[in-house]
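Below is one structure, written out as C-alpha cells; the observations come after it.
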There are 2 protein chains.
Amino acid sequence: MAKPTPEAPVLPLDTIMSGDCVAAMNSLPENSVDLIFADPPYNLQLRGDLHRPDNSRVDAVDDHWDQFESLKAYDAFTRGWLKAARRVLKPDGAIWVIGSYHNIYRVGATLQDQGFWILNDVVWRKTNPMPNFRGKRLTNAHETMIWASKSEGSKYTFNYEAMKALNEGVQMRSDWTFPICTGHERLKNARGEKAHPTQKPESLLHRLLIGSTNPGDVVLDPFFGTGTTGAVATMLGRHFIGIEREEEYRQIAAERIARVRSLPPAALEVSTSRRTEPRVPFGQLVERGMLRPGEELQSGNGRHRAKIRADGTLAGENIKGSIHQVGAAYEGAPSCNGWTYWHFKREGKSVSIDILRQQIRDEMIKPD
Amino acid sequence: MAKPTPEAPVLPLDTIMSGDCVAAMNSLPENSVDLIFADPPYNLQLRGDLHRPDNSRVDAVDDHWDQFESLKAYDAFTRGWLKAARRVLKPDGAIWVIGSYHNIYRVGATLQDQGFWILNDVVWRKTNPMPNFRGKRLTNAHETMIWASKSEGSKYTFNYEAMKALNEGVQMRSDWTFPICTGHERLKNARGEKAHPTQKPESLLHRLLIGSTNPGDVVLDPFFGTGTTGAVATMLGRHFIGIEREEEYRQIAAERIARVRSLPPAALEVSTSRRTEPRVPFGQLVERGMLRPGEELQSGNGRHRAKIRADGTLAGENIKGSIHQVGAAYEGAPSCNGWTYWHFKREGKSVSIDILRQQIRDEMIKPD
DNA sequence: TGGTTACTTGAATCTGCTA
DNA sequence: CTAGCAGATTCAAGTAACC
C-alpha cells in the first residue's frame, strides 16, 4: 500500500512514530510531506512541569515572573517544532495548526516569523461548547485554525470546487460549524475514562483533508494523540505519519486506525475546477471544421461581431487578435473569457462556442 | 455632562484629539480610562489590482496609513501604541482590539508580552462578506477581536446578565454574527465616496460596550476613524475619547456624533439574531459521518440510484452533481428538492435524508 | 405607488503557463 | 528573472432603475 517513490524514499507511511516530535521529524527526509496538521499542547503554562529551553525547571514563584517565563518557554517550544515541521514540508506543502486564545497568537506570530504564509484563519464554531460556569466571561465557543503555505509563492493545494460542493454550492467560508467530539466517536481508555482530553471531531479533519490534500498525499501529524488525523486520512485514501510520545495514546490510535476501512476510489473523486481540464486552442475548432473561416461570431449580449480567420484569430471592426483579446477590447475590460463571450448561429439559434470546446474535451477524456 | 471627578481630573471627555495616537495617549493622565477599543491598521499587503468576475475593480484598502515596511516595523508600531494604551488604562480596565489574520497574531502576542491578560477572543462572523473572487482560498468571512484585562488579577467589567439577555436568555458565546457596515449607516464624504474604507458596524460596538462597560464609563479609541465608537458610546450614555490623525475623518466623526441622541437602553435593543432556519449543506451529513462516501441513495419513487462522494456530491449513471442536480436530471425536471427526493437504507427501511438535516438543525438552534 | 430587475459594493496578503 | 497572454472566477445586501 505504501509504495515508495523516488520523491519519498524512506517515509514511514501509515505508522505512528514514538518519542519527541522534533527528533522524530528531524529523522525524516526534508521536503517530503504534503501537509502537516498540528494540534499542539497549550497547557504548558502555570504548571509544575514547566521547563526552560535549556531544560532547567521553572519554579512558580511570583505571578508576573511566572507568566513571562511561561510565555518564553512556550515560544521556544513552538519555534522548535515549527522549525522541524518546516524542514520536512514540501515546498508546495501547507500546514494547519489549531489552538485557542491561550496559544494561537504565539503560534501565528511564530509561523509568520519563520516565513510561512498565512492563507486563511478558520474558526471552528462548536455547536455544543462547554458553558462558562462562573459567568465571568463569554462562552468559549470556538477554536482557531491557521492555514499557511510554506512560503509566499507556494502552489498550495486547494480543492475549491470540492469545498464549494460541501457547502451546498456556495463558496466555503472561514467559519466552520461542527459539534465537539462526543458520543461513540469519543474514545475511551481501558479505565473507561475519555482517552484523550482534546480529541478533535473527525468531521473537522474530513473537511480539512478534502480541501487541502489529494488522494495519495502524505499528511504528518506531530501531536498525534489518539489519531483522528490518521483515521480520517486512511478513510479518505491519504497516507499519514503520526508522532506521539505517550505509549497509551499510540496504542489506542493504532487500534482505532486498524478498524478504519478506506473508501473506494470512486467515492474519493471530488468535483474539480475547469482550471484542471485540458486546454483547447480555439484554432482547433477551425481546424476540425466545427467553425469555418469567414464565419461570424456574436457576443453574448448581441452588441458585437467578429469574423473568424483561418489561423483561429478574430477580426473585429478595428481590432484583430485572439477570442479573448477582441472580446476584452470590445468591452473595454482588462480581460475577457472569449469562450463564454462569443456565440455562433446554428439553425437560427445562438450557441456558445464553449459548447464546441466541451465536445472536444469529452473526446479527450474517457467518460466513466 | 462631563463632570470632572478626582479620579479623572483632566480628561478631554467626549472630544476627538488630533495627532499621533501615542503622543495623544501620553498626554492623558495614567490609569484614567475604563475601556479601550482599538481598530489599528491591519497591514494588508496587497499586490496588484483585483477584479471581480464581472471585471469590475475592487476598491482596495491602499491608504497610506496601512503601509508598513516590514513585519518588524509593524511590531514596533504595535508595541508603541499598546504601551501607551496600557499606561492610560485603569488597573481594572480592559482593552478590545480587532484585526484579521494579517495582524491579529502580532497584536495578540504583543498584548501577552506586555502583561495584558486575554479574557476571550471573539469572532465577528460576517453575514455578507466579500467573496474570494479568484477561488484560491476560503471566503474571508470573519474578523477577530481580542478582549483582555490590564493584568491577570484585574476586576474587569463584564455584564453577564445583560449579554445573556441580548442572546435570548442563553450565555453569550464567543462568536458574534453581524452584517458588515453598508447602506444608510455607511458614511459618505463630501465627494460622495465612502468616508472611511473600514467603518465598523454599530451593532458590533453596541454589544461590546453593553458587555464590558457601565453607563458613565470612559471609552478611549486611539484609531477613531469616522467615530463609530464615539457614536455608540454616546448613544449608550458612555463617555468617549477619540484620537484621529486625519482631519477629514475627525470632521465627519464630529458631525456624526453631534447627530446622536442618547437613548434609553430599552429603546436600543435591535434584533440582531436571524430566526430563519439555518441552511444545512448536504456535505455536512458526509463530514459528520451520518452518511458514508460510497453509500448509495435511492429516489423516493425507487426508480433511481446514486452514490455519495466524499465532497457531498452524488455520482449517478451519467451525471455528477449536487443532490438537487442529480435528482432533477433523473426526473427530467428543471429543478428538484434533493432533500425530499433522496432516501437511504437503515435496517432495511428507506429513510429520507431530510431526517438527518433535521437532526443537525436541532443541534444548531442558537440565536447566532 | 408597488413590484421586479439590474446594478453596485465590501479590510483581499486572490492565476498559471510558456517563452 | 520578466513579459505576455490564456482564461477562470462571486455572495449578500442595499440602492437605483424600470415597468
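In what follows, every chain begins at residue 1, and chains take the letters A, B, ... in the order their sequences are listed. Heavy atoms only: backbone and side chains are in, while hydrogens, waters and symmetry mates are out. Being a predicted model, the structure only gives us computed values, none of them experimental.
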Round to the nearest Å and state the distance from A/Glu168 atom CD to D/dC11 atom P. 13 Å

Distance, nearest 0.5 Å, that separates NE2 of A/His304 from CD of A/Glu331: 4.5 Å

Treating primed atoms plus P, OP1 and OP2 as sugar-phosphate and everything else as base, which nucleotides of nucleotides 1-11 of chain C get B, S or - for protein heavy atoms under 4.0 Å? --------BBB

Is the shortest distance from a Lys or Arg side-chain nitrogen in B/Glu247 or B/Arg250 to a carboxylate oxygen in the other one below 4.0 Å? yes

Please test A/Arg79 against A/Asp113 for salt bridge (Lys or Arg N to Asp or Glu O under 4.0 Å), starting from the C-alpha separation and ending with a verdict. CA-CA 9 Å; A/Arg79 281 193 301 270; A/Asp113 289 342; over 6 Å; no

Value in whole Å for how far the C1' atom of C/dA12 lies from CG of B/Leu138: 13 Å

Give one of base, sugar-phosphate or nothing for A/Thr340, where a contact means two heavy atoms less than 4.0 Å apart. nothing

Sugar-phosphate, base or nothing in reach of A/Ile118, heavy atoms under 4.0 Å: base

How is A/Arg357 classified with respect to the nucleic acid when contacts are heavy atoms under 4.0 Å: base, sugar-phosphate, or nothing? sugar-phosphate

First encountered from the 5' end of DNA chain C, between A/Phe116 and B/Lys136: A/Phe116

Measure the CZ-CG distance between A/Arg305 and A/Leu297 for me, rounded to the nearest 0.5 Å. 10.5 Å

Counting heavy atoms not belonging to A/Asn301, are there more than 12 under 6.0 Å from its CG? yes

Rounded to whole angstrom, note down the C1' distance from C/dA11 over to D/dG7. 28 Å

Take atom CZ of A/Arg173 and atom P of D/dT10, then tell me their distance rounded to the nearest Å. 16 Å

Both A/Ser322 and A/Val170 contact DNA chain D. Which one's nearest nucleotide lies toward the 5' end? A/Ser322

So B/Gly99, base contact, sugar-phosphate only, or nothing? Heavy-atom distance under 4.0 Å. nothing

Starting the side chain at C-beta, find the nucleotide from D/dT9, C/dA12, D/dT10 nearest to A/Lys164. D/dT10

Determine, using ring centers only, whether A/Tyr330 and A/Tyr341 are less than 6.0 Å apart. no

Separation of C/dG16 atom C1' from A/Arg279 atom CZ, nearest Å, is 8 Å

Is it the case that the side chain of A/Lys320 and the backbone of A/Leu314 share a donor-acceptor pair, with hydrogens and angles ignored and the cut-off at 3.5 Å? no

Around atom CD of A/Glu152, are there more than 12 heavy atoms of other residues, nucleotides or ligands at under 6.0 Å? yes

Assign B/Asn140 to base, sugar-phosphate, or nothing according to its heavy-atom contacts below 4.0 angstrom with the strands shown. sugar-phosphate

Whether A/Trp96 and A/Trp147 hold their rings parallel, tilted or perpendicular, with breakpoints at 30° and 60°: parallel

For B/Glu185 and D/dG14, what is the distance between atoms CD and P respectively, to the nearest whole Å? 11 Å

Is B/Asp175 paired with B/Arg125 through a side-chain N to carboxylate O contact shorter than 4.0 Å? no

Please evaluate the base of D/dA8 for a donor-acceptor partner in the side chain of A/Ser335 within a cut-off of under 3.5 Å? yes

Under 30°, 30 to 60°, or over 60°: which ring-plane class applies to A/Trp176 and A/Phe178, parallel, tilted or perpendicular? perpendicular

Do the side-chain N or O atoms of A/Arg275 get closer than 4.0 angstrom to the phosphate oxygens (OP1, OP2) of D/dA8? no

For the pair made of NE2 in A/His324 and C1' in D/dA6, what is the distance, rounded to whole Å? 5 Å

Counting only non-hydrogen atoms, which of residues 144-163 of chain A are less than 4.0 Å from DNA chain D? A/Tyr160, A/Glu161

If a stem is a run of at least 3 consecutive Watson-Crick or G-U pairs, both distances under 3.5 Å, which stems include DNA chain D? C:2-10 with D:11-19, C:15-19 with D:2-6

Under 3.5 Å, side chain of B/Asn55 to main-chain N/O of B/Arg52, donor-acceptor pair present? no

Under a 3.5 Å cutoff, is there a donor and acceptor pairing between the side chains of A/Ser271 and B/Asp311? yes

Heavy atoms only, 4.0 Å cut-off, all strands: where does A/Arg274 land among base, sugar-phosphate and nothing? sugar-phosphate

